[in-house]
Structures are given as C-alpha cells and as structure tokens.
Protein chains: 2
Amino acid sequence: MSLAESISEMEEAVRSLRRDARRRQVLDAAVAVMQRTGFHEMSMQALANEASVSVGLLYTYFGGKEEILLAAVLDILNSFRDQLRPAMDAVGDDPVERLAAGFRRYTEIVDENRDAVLLTYRESRTLDHAGLEQIKELEVETSAPLRDAVEAGMARGIIRSADPDLVTYDLMMLAHAWALKAWHFEPKYSVETFIRAQTALVLQSLIPPSRRSHYRHLVEG
Amino acid sequence: MSLAESISEMEEAVRSLRRDARRRQVLDAAVAVMQRTGFHEMSMQALANEASVSVGLLYTYFGGKEEILLAAVLDILNSFRDQLRPAMDAVGDDPVERLAAGFRRYTEIVDENRDAVLLTYRESRTLDHAGLEQIKELEVETSAPLRDAVEAGMARGIIRSADPDLVTYDLMMLAHAWALKAWHFEPKYSVETFIRAQTALVLQSLIPPSRRSHYRHLVEG
DNA sequence: ATTCACTATGAATTATCGTTCATTTTAGCG
DNA sequence: CGCTAAAATGAACGATAATTCATAGTGAAT
C-alpha cells in the first residue's frame, strides 16, 4: 500500500469517526426531546436546538425526521442486546441462575431506558415496513440469550417443560411492564423489589417442586 | 308535571339519543381511521369522510381532535370493564375457575379489539393530564374482578400467597401481549391456544401442588 | 495567499391541517 | 304553506412545521 493510500485511508477513518460522533449527538438529543414531548410534537427546530446544531445539518446526517426516529430506536435496542448476554455469562452455567440474572439485567436496562422503551411502543406504527422489520428482528435477537437459558434448563429437566418461546416473551413482557405501567407499580415497588417479586412468581411456575430448594434464594422474594 | 313539560322532556330525550348515535358514528369512524393510519396522521377531513359527515359537524359533537381520541379510548375501556365480571360470574364461585375464566374473557376482548388496545398504548401520551387519569382509573376498575378472584383464592388457600396486585397486573400484561406482540405469536398460536398455554403457565405458579389435581383441566394446556 | 472540499447555517418554500363561521338544509309545528 | 330552531356544510383562515438551498465558515494542501 502506498503512503498516499494510507493517508487517504486515515482521513477516511477520521471523517467516519466525526460523522458517528455527530450522529450520536443528534440521536441523544432526539431521545431527550421525544421523552419530553413525543415524536410528532418534536419539531426539527426543537431538535436542532437541543443538539446545538442548525436545522439544515440534520438533513446532512439523516434522510429526514422518520429516519432519525428509526435510528434512535435501533440505537436503544442495540444496547439492550449487547448488555444482556455478558450479564448472564457472569453468573456461570446453571440455566436457572442464568435466567434469573438475565431477567434482572433486562429489567434494569428497561428501567434505565424507560422513556426509550415507551418510545418503541408508542412510535413503531410511524415507521415504514423496512424499519419495523429491523425492530422486530432486533427484539428476537435480544431475547435469544434468555431463550437459550430456558431451553438449556428444560433439556436438563431443571425447568418444567413448556414452550420456551412463550416463556421468553412472557418474561420480556413482564420486564416491559415496569416501563409501561410505571404509574401503577412505582408507588409500591422499586426496581429491586419489582425484580425480586417477579422472579419469585415466575420461577415458582418454572421450577419443579423437587428442584425448588436449590433455588430458595430466587424463589423466595 | 304539565303536558308541556312532559313533551319538552321527551324532545330532550330524543335529541340526546340522536346525539349519542352521532357521537358513536364518529367514534367508530375514528377507531377505523386510526387503526389504518394512527392518530397524528388522521386529518379531520379524513375522519369526516369516513364518518360521512362534514368537518364542521365534528366540532359540534366534540371539542376538538384530542377530545375525539379520548372519547374513543374511553369507549373501548368501558366495554372491557362491562364484559369482564359477567363472564366470571358465569362459572360460579371457585376463585381459580373465576380467575381462569376472567383471563380467558379478557384475552378474548383484547383479541376482538386489537387495534384499540394498541391505540391506548400508542396514543396515551397525546392526552392531557385529566384524560390520562381517567384512563388509568378505568384500567384499575377493569382489573378489579380479577383481583377479587385472586384475593379470594389466597384467603381460602387455593392460590399461593403473593402480592395480588402484582399477579393481577401480570395477567393483564400477558393478555395485552396478544395484541402488542401479535406479529410474533400469531404464526404459532391462535387466541384459543394462546389462552390455554398462558393459563397453564400462570396457574402452575399460582396453585400449590397439593391443589393442582383439582384443576387439571386448566393446568394442562 | 489562494484554492478546494467539506461542514454548517437558517431564511424561504411548500404543504398540510386544525379550527372557525357565514350560510344552507332539515324537521317539526301551527 | 311559512316559520323557527337545530343540525349540517365546507370554503377560508391562520399557524405550524418538514424540507430545501443559496450562502458562509473552516482548515488543510499547494
């Protein structure tokens, strides 16, 4: 490779980095504004102000308003996916422990991104078909570690046999409930107590009685 | 009461009936348009066309666009509330049977009003504070029969003791999941099989082993 | 210093839409 | 058939907001 080529490659890389930084700047601002007002009520002017850039600049980094929404949502879902498996790996091999840790982490992430979770429920309808498909695929991908743990547990007979997919989605729904029904749960529960109570309730169903004493710390709130 | 007064009262009643009919006509149209396009994308012109009335008329029956949204959502939630308890009363006194019947009916209603359920999740943010409060109150009211069954079951020791409120809301979330995640469940489940599978899963957690044989028809899909 | 490519600006454009209101139609009644 | 009040109409208004584009700044290379 020639020197000139190396230099041009580095320049390319620098530009790409700057581009990413700007995009993130806009996306963060977008999430912030949307959590205050909602997507439709967010004017491009308001977004530009929040991000400290001009309106015109938004259009050099994104195709339009809807593309910003999609990018913001995908950004969030990606961080979901990337954080789940590591948290589960940290607790070892036992499928039940992995499942409990996964549910815990998932719910914590929901808590840390409550507005973002609500956003995905509220605004998905706005997206076009391609965008929706991307979101659905990411959701399935994200849930994979949980499903793996459920299946592993069933294979070893530690988890009562049932449809692993149904169990996985139910767990996700209960985690989402923390964001969707915060107005109802918040007065009585903290994230911590919510997680404990749900874990106890769910595992009661999933672990056969004979195995239950092994997991007393999880089954009893 | 004079004859004149009687007549004027009847006229009043007739007018009120006509008003209600017109309001329902508009509300039905609104739900239809919103399920196609979403609230923000629905123009008053489009709504007027769907309802076969003029734009101006909308404003003689409703205060504005947002008031139509609120009315539509409340209409739906009211029908939820009115249909649940009768279905539970039909199966008798046993709390577990009542709970299962309640969950079944609730999920069926969700299925019959899928778009409407999605609407409440998508568009609640749009409503003002007073509107939101009304919705939350209705949701709590609707869930009351389920909660009653749960509490009755716990009092009699037929249902494992836990936070009845948490159990109730979890059940509602799982029913809502049928609408929220239809894209995921629909290929594999029908409403019927979905209800059976969820019922089995949930009751496994709620009924102590000693009692389980009594409810084999519910616990086994 | 000048050029050049890239980045950024924000006023102007264009379009849509919620709301109003002057006007017309309808229905009931003497 | 008029008469009146209620019901209904839809063009016009005013406001907002997404998008474009002519213009300006920036800084590295010649």
Side-chain angles (χ1 to χ4, degrees), chain A residues 2-26 29-30 33-34 36-72 123 126-128, chain B residues 3-27 29-30 33-34 36-72 123 126-128:
Chain A
S2 77
L3 180 66
E5 272 171 348
S6 280
I7 288 177
S8 123
E9 234 178 56
M10 283 188 106
E11 278 170 347
E12 184 80 15
V14 166
R15 247 188 305 148
S16 166
L17 240 51
R18 262 209 280 265
R19 238 188 114 72
D20 285 356
R22 265 273 194 263
R23 281 180 65 96
R24 195 152 299 131
Q25 177 185 359
V26 171
V33 179
M34 286 195 248
R36 284 202 302 273
T37 65
F39 174 73
H40 291 280
E41 288 73 16
M42 173 186 80
S43 72
M44 293 302 263
Q45 187 57 63
L47 171 56
N49 292 345
E50 178 84 20
S52 306
V53 298
S54 65
V55 219
L57 194 69
L58 299 174
Y59 287 86
T60 79
Y61 286 94
F62 297 93
K65 199 183 174 186
E66 191 174 310
E67 198 181 304
I68 292 178
L69 172 62
L70 176 61
E123 311 294 359
T126 313
L127 269 25
D128 59 15
Chain B
L3 180 64
E5 272 171 347
S6 281
I7 288 177
S8 120
E9 233 178 57
M10 284 188 106
E11 277 169 347
E12 184 81 14
V14 167
R15 247 189 306 147
S16 165
L17 240 51
R18 262 210 280 266
R19 240 188 112 72
D20 285 355
R22 266 274 193 260
R23 280 181 66 97
R24 194 151 301 131
Q25 177 185 0
V26 172
L27 256 29
V33 179
M34 286 195 247
R36 283 202 302 272
T37 66
F39 174 73
H40 291 280
E41 288 73 16
M42 173 186 80
S43 72
M44 294 301 264
Q45 186 58 63
L47 171 57
N49 292 344
E50 177 85 21
S52 306
V53 298
S54 66
V55 214
L57 192 69
L58 299 175
Y59 288 86
T60 78
Y61 286 95
F62 297 92
K65 198 183 175 187
E66 192 174 309
E67 199 181 303
I68 293 179
L69 172 62
L70 177 62
E123 311 293 359
T126 312
L127 269 26
D128 59 14

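No hydrogens, no waters, no symmetry mates; every other heavy atom, side chains included, goes into these values. Lettering of chains follows the sequences in order, A, B, ..., and the numbering in each one begins at 1.
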| said: Rounding to an integer number of Å, can you tell me how far B:Arg18 CZ sits from D:dA8 C1'? | reply: 13 Å
| message | Here's one to test your reading of the geometry: is the NZ or CZ of B:Lys65 within 45 degrees of the ring axis of B:Phe39 and under 6.0 Å from its centre? | response | yes
| request: Can you tell me the distance, in whole Å, between the CE atom of A:Met44 and the C1' atom of D:dT20? | output: 12 Å
| field | Residue closer to the 5' end of DNA chain C, B:Ser43 versus A:Gly56 (nearest nucleotide) | value | A:Gly56
| task | Please check the phosphate of C:dT9 (OP1 and OP2 only) for any side-chain N or O of A:Ser54 closer than 4.0 Å. | result | yes
| said: Between P on C:dT7 and CG on A:Leu58, what's the gap in Å once rounded to a whole number? | reply: 16 Å
| message | Check whether A:Glu67 reaches the backbone of A:Gly63 with its side chain - one donor and one acceptor, N or O, closer than 3.5 Å. | response | yes
| Counting N and O atoms only, with roles assigned by atom type, does the side chain of A:Thr126 sit under 3.5 Å from a partner on the main chain of A:Glu123, one being a donor and the other an acceptor? | yes
| task | Without swapping roles, check the side chain of B:Gln45 against the backbone of B:Val55 for a donor-acceptor pair under 3.5 Å. | result | no
| Between D:dA18 (P) and A:Gln45 (CD): distance, integer Å | 10 Å
| task | Could you work out which one of D:dT20, D:dT9, C:dG18 sits closest to the side chain of A:Tyr59? | result | D:dT20
| task | Between B:Arg19 and A:Gly64, just flag the one whose closest nucleotide in DNA chain D comes earlier from the 5' side. | result | B:Arg19
| field | Donor-acceptor pair, side chain of B:Arg23 and main chain of B:Tyr61, under 3.5 angstrom | value | yes
| request: Starting at atom CD of B:Glu67, determine the distance to atom P of C:dG18, rounded to an integer number of angstrom. | output: 15 Å
| query | Looking at the side chain of A:Val55, which of C:dA8, C:dG10, D:dA8 is the nearest nucleotide? | reply | C:dG10
| query | What is the distance from NZ of B:Lys65 to P of C:dC17, rounded to the nearest Å? | reply | 8 Å
| request: Specify the separation, in whole Å, of atom CD1 of B:Ile68 and atom C1' of C:dC17. | output: 14 Å
| query | In whole angstroms, how far is the P atom of D:dA18 from the NE2 atom of A:His40? | reply | 11 Å
| task | Using the closest heavy atom to pick a nucleotide of DNA chain D for each, name whichever of A:Leu57 or A:Met42 lands nearer the 5' end. | result | A:Met42
| said: Taking 4.0 Å as the cut-off, does a side-chain nitrogen or oxygen of B:Arg22 come that near to OP1 or OP2 on D:dA8? | reply: yes
| task | Give one of base, sugar-phosphate or nothing for A:Phe62, where a contact means two heavy atoms less than 4.0 Å apart. | result | nothing
| query | Within less than 4.0 Å of OP1 or OP2 of D:dA8, is there a side-chain N or O belonging to B:Tyr61? | reply | yes
